[in-house]
S.K.: 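This structure is in structure tokens; I'll ask about it shortly.
Both backbone and side-chain heavy atoms feed into the values below; hydrogens, waters and symmetry mates do not. Along the sequence shown, the residues carry numbers beginning at 1.
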Amino acid sequence: MEQLKSLPIIDISGLWSDDVSKWNKVAKEIDEVSRGIGFFYIVGHQIPSERFEKMMEISRFFFGLPMEKKLEVDMTKNQFHRGYGGFQLEQLNPLSPHDEKETLEFGMKMSPDNPLYLHKLYGPNPRPSAFDQATIDLIDEHYLDMKNIICMLLRAIASALNLDREYFARHYDYPLAAMRLMHYTANLDLPNTGEIVLGGGEHTDYGILTILQQDDVGGLQVKTMSDEWIDVPFVKDSYVVNIGDMLQRWTNDIYRSTAHRVLRPPKGVHRYSIPFFGEPHTDTIVECIPSCCSDSSPPKYKPISAGDYLQSRFLDTYEYKKQKY
Ligand SMILES: O=C(O)CCC(=O)C(=O)O
Ligand SMILES: [Fe+2]
């Protein structure tokens, strides 16, 4: 088998086209990659170029604030998994040291009148006092744009799997999806043991699909089917998309949730990235899709709700949740 050296780039503009053959071509390409490496770049996603820079500007501004300003929205002080997570709070790979990164996490903006508000992971978004209204509005707008891309991709996937186009997308009116600003830097002075130092440990994502914006520092790596790490360098105006564990479960392992990691940047270098974790509504039951199982290939996983699955994965990787939530 030929070794994969770089991730494929898929132009998804056909998903906005009325031409069925263009739409089907994109769906087929996404389906093929999802059965293999499970990671790809997307271009033609309709997000304007200026938005990339604006989101990075917000990120650099927030992480450059004094610690007491960041801690105004401390993630460990609420049950909703939203707000600021300091260096080493998360341990993506329980076998390696804590991750050298800090994060700021948002969920879907929701009216307090919504019956879901304050239920499980649904609740208020962080509002650091240093953010003006325009910044808050842009974050909410970007969240909805990312959610829309997730739904466009999931319609293509549903069609490729011979399902109704809305099979997955119908669970996205009030999703658990989270948008996370991330900052990696060499914060700790670790002894030089010659080992690779990671900013984010090896892991698979928990959800359905992740859409990632990254800056041009580099460091993201993906594990190939032959267990080799390949770099995922910056490609201007693209997002990186990958399959998460819930979609792997839903498709009975036909789609692949692939391990990835982030190298720690050298001292003095700052890396910023913005993943959007596209999880569905908390009550969505993730159970083997009929077209993905048969007598010779029975379901491998028990049905589970998206909310319960996500909480169980957070418990594995966030120590503070074990004590409190
Ligand atoms: O920062 C990145 O490039 C990837 C982050 C990531 O994989 C994650 O947080 O799940
Ligand atoms: Fe990840």
Side-chain angles (χ1 to χ4, degrees), residues 7-8 10-42 44-46 108 144-178 204-212 225 239-258 276-310 313:
L7 298 185
I10 302 184
D11 178 352
I12 62 164
S13 53
L15 297 181
W16 279 265
S17 157
D18 293 334
D19 182 337
V20 181
S21 65
K22 285 193 183 145
W23 200 91
N24 285 340
K25 182 172 173 283
V26 178
K28 190 164 178 282
E29 281 180 71
I30 295 172
D31 181 61
E32 265 169 29
V33 180
S34 306
R35 288 167 190 260
I37 183 75
F39 249 94
F40 49 101
Y41 293 95
I42 54 168
H45 43 63
Q46 323 294 309
M108 183 158 167
L144 293 180
D145 286 344
M146 291 294 109
K147 173 166 105 70
N148 185 44
I149 298 182
I150 292 278
C151 289
M152 297 300 273
L153 296 170
L154 286 175
R155 290 190 183 103
I157 285 175
S159 149
L161 292 171
N162 297 319
L163 301 164
D164 176 78
R165 269 196 196 184
E166 297 304 314
Y167 191 89
F168 303 109
R170 68 195 153 111
H171 298 292
Y172 281 80
D173 282 352
Y174 294 105
L176 288 173
T204 52
D205 288 352
Y206 317 146
I208 303 292
L209 292 174
T210 305
I211 305 182
L212 174 89
M225 272 94 94
Y239 292 99
V240 178
V241 175
N242 64 289
I243 308 294
D245 298 338
M246 283 188 216
L247 193 53
Q248 174 165 333
R249 287 174 79 105
W250 225 338
T251 59
N252 212 23
D253 287 355
I254 289 180
Y255 281 6
R256 205 157 157 270
S257 173
T258 303
F276 183 86
F277 301 105
E279 279 92 43
H281 186 289
T282 190
D283 294 335
T284 309
I285 300 297
V286 176
E287 71 179 316
C288 184
I289 294 163
S291 62
C292 295
C293 53
S294 62
D295 286 348
S296 57
S297 164
K300 295 182 181 166
Y301 306 100
K302 287 208 177 95
I304 187 164
S305 77
D308 286 350
Y309 185 73
L310 196 60
R313 298 298 297 271

S.K.: What pair of heavy atoms forms the shortest contact from I285 to P303, and how long is it?
M.R.: CG2-CB, 4.0 Å
S.K.: With heavy-atom distances below 4.5 Å as the criterion, would you say the side chains of D308 and T282 are in contact?
M.R.: no
S.K.: Do I243 and R256 come within less than 4.5 Å of each other through their side chains, counting heavy atoms only?
M.R.: no
S.K.: For the residue pair S257 / D245, report whether a side-chain donor-acceptor contact shorter than 3.5 Å exists.
M.R.: yes
S.K.: Should L15 and L153 be marked as a side-chain contact (heavy atoms from CB on, under 4.5 Å) after you check the CA-CA gap, both sets of side-chain angles, and the distance that decides it?
M.R.: CA-CA 8 Å; L15 297 181; L153 296 170; 4.3 Å; yes
S.K.: Check whether the side chains of S13 and D11 place a donor and an acceptor atom closer than 3.5 Å, and report yes or no.
M.R.: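 There is such a pair (donor and acceptor under 3.5 Å, judged by atom type) between the side chains of S13 and D11.
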S.K.: Minimum heavy-atom separation for T258 to G38, with atom names?
M.R.: OG1-CA, 4.0 Å
S.K.: Evaluate side-chain contact (heavy atoms from CB on, under 4.5 Å) for Y309 paired with E279, printing each intermediate quantity in order.
M.R.: CA-CA 10 Å; Y309 185 73; E279 279 92 43; over 6 Å; no
S.K.: Report yes if the side chains of I30 and F40 come closer than 4.5 Å at any heavy-atom pair, otherwise no.
M.R.: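 Result yes, sub-4.5 Å side-chain heavy-atom pair found.
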S.K.: How far apart are the closest heavy atoms of K147 and D173, and which atoms are they?
M.R.: NZ-O, 4.0 Å
S.K.: Are C293 and C288 close enough that some pair of their side-chain heavy atoms sits under 4.5 Å apart?
M.R.: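 Heavy-atom side-chain distance check passes, below 4.5 Å.
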S.K.: Applying side chain to side chain contact (heavy atoms under 4.5 Å, CB included) between N242 and each of I37, D205, L7, report the one that passes.
M.R.: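 That would be D205.
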S.K.: Would you compute the distance between atom CG of L163 and atom CD1 of I289 and round it to the nearest 0.5 angstrom?
M.R.: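 So the CG of L163 and the CD1 of I289 are separated by 5.5 Å.
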S.K.: Can you name the closest pair of heavy atoms from I42 and H45 and give their distance?
M.R.: O-CD2, 3.6 Å
S.K.: For the atom pair CG (N24) and OG (S17), what is the distance rounded to the nearest 0.5 Å?
M.R.: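 Rounded to the nearest 0.5 Å, the CG-OG separation comes out at 10.0 Å.
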S.K.: Assess the residue pair Y239 and L212 against the criterion (side-chain contact (heavy atoms from CB on, under 4.5 Å)); give the C-alpha distance rounded to whole Å, side-chain angles, the decisive distance to 0.1 Å, and a yes or no.
M.R.: CA-CA 5 Å; Y239 292 99; L212 174 89; over 6 Å; no
S.K.: Would you kindly check if the NZ (Lys) or CZ (Arg) of R165 is within the cone defined by 45 degrees around the ring axis of Y167 and under 6.0 Å from the six-membered ring centre?
M.R.: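 Output no; distance or angle outside limits.
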S.K.: Decide yes or no for F39 and V241: does some side-chain heavy atom of the first lie under 4.5 Å from some side-chain heavy atom of the second?
M.R.: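 The answer is no, as the side chains (C-beta and beyond) never meet within the 4.5 Å cut-off.
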S.K.: Would you indicate whether the side-chain heavy atoms of L161 and Y255 approach each other to under 4.5 Å?
M.R.: yes
S.K.: Once side-chain hydrogen bond (donor to acceptor under 3.5 Å, both in side chains) is applied, what residue pairs with a partner in residues 287-301 remain, sequence neighbours excluded?
M.R.: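 Sorted pair list: D253-K300, D253-Y301, S294-S296.
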S.K.: Measure from the side-chain N and O atoms of Q46 to the backbone N and O of G44, and report whether any donor-acceptor pair falls under 3.5 Å.
M.R.: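 Yes; at least one donor-acceptor contact below 3.5 Å.
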S.K.: Carefully, step by step, assess L247 and F168 under the rule side-chain contact (heavy atoms from CB on, under 4.5 Å).
M.R.: CA-CA 10 Å; L247 193 53; F168 303 109; 4.1 Å; yes
S.K.: Does the cation-pi check pass for R155 over W23, that is, NZ or CZ under 6.0 Å from the six-membered ring centre and within 45° of its axis?
M.R.: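 No, R155 and W23 do not form such a contact.
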S.K.: Which distance, rounded to the nearest 0.5 Å, do you find between the CD1 of I150 and the CZ of F277?
M.R.: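 Reported value, rounded in 0.5 Å steps: 10.5 Å.
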S.K.: So which heavy atom on K302 is nearest to which on R249, and how close?
M.R.: O-NH2, 3.2 Å
S.K.: Taking all non-hydrogen atoms of both residues, which atom of G278 and which atom of I208 are closest, and how far apart?
M.R.: O-CB, 3.5 Å
S.K.: How far does NZ of K25 sit from NZ of K28, to the nearest 0.5 angstrom?
M.R.: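 If we round to the nearest 0.5 Å, K25:NZ and K28:NZ are 9.5 Å apart.
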S.K.: Hey, is the main chain of P298 close enough, under 3.5 Å, to the side chain of N252 for a donor-acceptor pair?
M.R.: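 Here the side-chain-to-backbone pair exists.
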